[in-house]
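Computed from a prediction, not measured in an experiment: that's the story for all the values here. For this chain, numbers begin at 1 and follow the sequence in order. Each ligand, and each atom within it, is numbered from 1 in the order the structure gives.
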Amino acid sequence: MSEHTAPADAVGAVRHTRILIVGSGLSGVGTAIRLTQEGITDFVVLERGEDVGGTWRDNTYPGAGCDVPSHLYSYSFALNPNWSRSFSPQAEIHEYIRSVADRYGVRDKHVFGCEMTGARWNDTEGHWEITSTRGSYTAEVVVSAAGVLCEPNLPDIKGISGFEGEIFHSARWNHDSDLTGKRVAVIGTGSSSVQIVPSIAPVVERLDVYQRTATWVLPHATRPYLSAERWAFRRVPGLQRLLRGMIYANRELFVLFQAKYPKAAVLLEIVARVKMFLEVRDRELRRKVTPKHRLGCKRMLVSNKYLPALGRDNVELVTDGIAEVRAHSIVTEDGTEREIDAIVLATGFHVTDSPTYNLYVGREGRTLSEVADAEGYQTYKGTAVAEFPNLFLMLGANSGLNYTSLIYIIESQIAYLVDALATMRARDLRSVEVRKDVQADYNRDLDTKMARSVWVSGGCDSWFLDSRGQNATLWPDFSFKYRRLLRTFDVDAYETTPRTR
Ligand code: NAP
């Protein structure tokens, strides 16, 4: 096994590493730390940005924050007693990830400013061949920790490329652009938009919010922590773990009405309707923001400021479809033209059609995208993929959650990876590749569970669904069941190849 941490800078040089991790968001940093804790040092992390943090580094839009409670949204091995609020703002989470990476000494395992441009499995050599903007690597194992919500979805609207004002995506906020006193359009009304709209509404001259589909908005129980509380979190043994456990258990209840008994979501719809009644006095506006689908079908929105912001005199909720973007305006299908200076695209991300899936070429010469197009985007346990030996996806198909902390899932997948590496070492295996029949059975079981979920039966379209209308993103059961499933690496589910000496 070769020792390696240095970047493959030299032209033509190919560096070898045992494990190559792509991306340094919460998954990549968490993996790097756990490998280090296991005494595995022969790995490298390629990161296209200049810092760790992933989505929490990139999403710097005004009002950006997490709608999962702070004390749950942290690594289990690095609790933070100092969160300033019950739900953390983006900058604080980014700082948390940076500080954890520093504390556990994994920053120097990173090659920053290095984008992976391709990864091809070489079945003869039994390793991955990776190209990047900073040279080539070979790796026995690749961990794709590139994130799920990282490739901006830029809408293909007629004339949009000819817009002459400022235009940027929510995840690529242009901080050089001062929106104060400007006429601004925000396209999209998802989780990002509900944080952006109330943040910029008070400073812009006019704000047009373009809504394609209304989504349920629930109350946000956010508040600052008192210094006495933070003191207690630091000093009272077990207090933070207790709170974390209580938050975790409470969030798991969402599984009941999303995956098990969608009709029960009516109870939360009543809460959302009361909130809407209290926050939106204008009947016509209330009609526009009332969703037509079952709550939970799309990702629930959480905000106390969004609906009131829509009622401001300088804000208009536009529900007519966008027909065209012109040099200085947007024209809707009813023929109305609204002059604007800037457009914010809060239009989400490529999830089931992520361009990163084009980068991996498996044992049979097909890319992950080609396999997904032909057979649907499927994995085994959200992390392994048939035809792609020694590849572990972080947050792969059907391992996402939309109600609780994704870090719980990430840590489950890291545990599985660590056990896989130990198994490969102990049995002297060169490669492990999940069996196609096992993957097919696994996905059949998922389909059965999914069939009764709100995501399939709730009457909406969402980024959870792939082009076939199947939910390829979310885990349809309690998250502790997922953890149990990934506790040990089930080598019998895999085709294995012994190492040739
Ligand atoms: P999103 O939820 O996918 O919302 C995108 C919005 O853009 C939707 O309203 C969508 O309308 C609209 N849209 C897309 N293409 C359009 C087009 N061509 N014309 C008009 N409208 C269009 O994206 P997001 O708000 O960035 O959030 C993505 C995910 O990131 C969230 O679901 C969440 O998981 C995560 N997130 C989390 C937090 C947090 O607090 N933890 C905060 C922000 C984001 P339709 O609904 O009709 O498709």
Side-chain angles (χ1 to χ4, degrees), residues 25-26 54-56 58-70 72-73 85-90 92-94 147-160 168-173 185-199 208-218 220-222 251 288-289 291-293 296-303 305-306 317-325 330-333 343-354 395 400-407 409 455 458-465 473-474:
L26 282 160
T55 192
W56 295 109
D58 292 343
N59 281 274
T60 58
Y61 59 75
C66 186
D67 58 16
V68 174
S70 306
L72 190 58
Y73 203 79
R85 303 186 63 84
S86 53
F87 292 80
S88 302
Q90 167 269 335
E92 215 171 308
I93 301 172
H94 185 207
V148 178
L149 301 165
C150 59
E151 298 293 339
N153 169 40
L154 304 175
D156 184 19
I157 299 171
K158 183 179 167 199
I160 198 162
F168 47 84
H169 187 269
S170 55
R172 302 285 183 272
W173 195 270
V186 172
I187 301 179
T189 52
S191 302
S192 302
S193 178
V194 299
Q195 296 180 336
I196 294 167
V197 166
S199 304
D208 303 329
V209 180
Y210 287 84
Q211 171 189 283
R212 198 163 61 176
T213 316
T215 309
W216 294 101
V217 186
L218 288 169
H220 197 8
T222 180
R251 307 295 284 196
K288 285 180 173 179
V289 295
K292 295 188 171 54
H293 56 263
C297 182
K298 290 172 99 67
R299 192 178 194 276
M300 294 155 288
L301 306 177
V302 185
S303 174
K305 297 179 183 166
Y306 174 66
L317 182 72
V318 183
T319 53
D320 293 303
I322 300 173
E324 185 187 352
V325 175
I330 293 182
V331 184
T332 43
E333 279 159 1
I343 300 177
V344 174
L345 301 170
T347 43
F349 300 86
H350 289 282
V351 181
T352 56
D353 59 344
S354 171
L395 302 178
L401 300 173
N402 67 345
Y403 60 91
T404 191
S405 173
L406 267 181
I407 302 174
I409 293 292
W455 310 302
C460 79
D461 192 11
S462 75
W463 62 260
F464 306 147
L465 309 180
T473 49
L474 298 181

In the protein, which heavy atom is nearest to [atom], and how far is it?
| atom | answer |
| --- | --- |
| atom 23 (O) of ligand 1 | G348 CA, 3.1 Å |
| atom 20 (C) of ligand 1 | I187 CG2, 3.6 Å |
| atom 12 (C) of ligand 1 | G188 CA, 3.6 Å |
| atom 26 (O) of ligand 1 | S192 OG, 2.7 Å |
| atom 34 (O) of ligand 1 | R299 NE, 2.9 Å |
| atom 9 (O) of ligand 1 | T189 N, 2.9 Å |
| atom 36 (N) of ligand 1 | S191 CB, 3.8 Å |
| atom 3 (O) of ligand 1 | W463 CD1, 3.3 Å |

For the side chain of [X] and the backbone of [Y], is there at least one donor-acceptor N/O pair under 3.5 Å apart?
| X | Y | result |
| --- | --- | --- |
| S192 | A346 | no |
| W455 | G296 | yes |
| D58 | A171 | no |
| W216 | K298 | no |
| Q211 | K288 | yes |
| S88 | S70 | no |

Q) Of the listed options (V68, D67, L149), which comes nearest to atom 35 (C) of ligand 1 when hydrogens are ignored and any heavy atom counts? A)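 Comparing heavy atoms across V68, D67, L149, the nearest one to atom 35 (C) of ligand 1 lies in L149.
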
**Q.** Options R212, H220, H293, ranked by nearest heavy atom to atom 10 (C) of ligand 1, top entry
**A.**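 Heavy atom nearest to atom 10 (C) of ligand 1 belongs to R212.
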
Q. Given side chains that start at C-beta, do those of D208 and I330 come closer than 4.5 Å, heavy atoms only?
A.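 Result no, sub-4.5 Å side-chain heavy-atom pair not found.
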
**Q.** Side chain to side chain, Y306 and V209, heavy atoms closer than 4.5 Å
**A.**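 Yes, close enough: below the 4.5 Å cut-off.
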
If the cut-off is 4.0 Å to any non-hydrogen atom of [X], which atoms of ligand 1 fall inside it?
| X | answer |
| --- | --- |
| T213 | 45 (P), 46 (O), 47 (O) |
| G65 | 39 (C), 40 (O), 42 (C) |
| Q195 | 40 (O), 42 (C) |
| K298 | 45 (P), 46 (O), 48 (O) |

Closer than 4.0 angstrom: is that true for some heavy atom of [X] and an atom of ligand 1?
| X | answer |
| --- | --- |
| Y61 | yes |
| Q211 | no |
| F349 | yes |

Q | Presence of salt bridge, D461 and R212, under 4.0 angstrom | A |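 Salt bridge flag = no for D461 with R212.
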
Q) In terms of the angle between their ring planes, are F87 and H220 parallel, tilted or perpendicular, with boundaries placed at 30° and 60°? A)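 F87 vs H220 ring planes: perpendicular.
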
(Q) Residue-level breakdown please: for A346 versus ligand 1, do any non-hydrogen atoms fall below 4.0 Å on the side chain, on the backbone, on both, or on neither? (A)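 Backbone only; the side chain of A346 stays clear of ligand 1.
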
Q. So, do F349 and H169 have ring centers that fall under 6.0 Å from each other?
A.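 Yes: the rings meet the under 6.0 Å criterion.
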
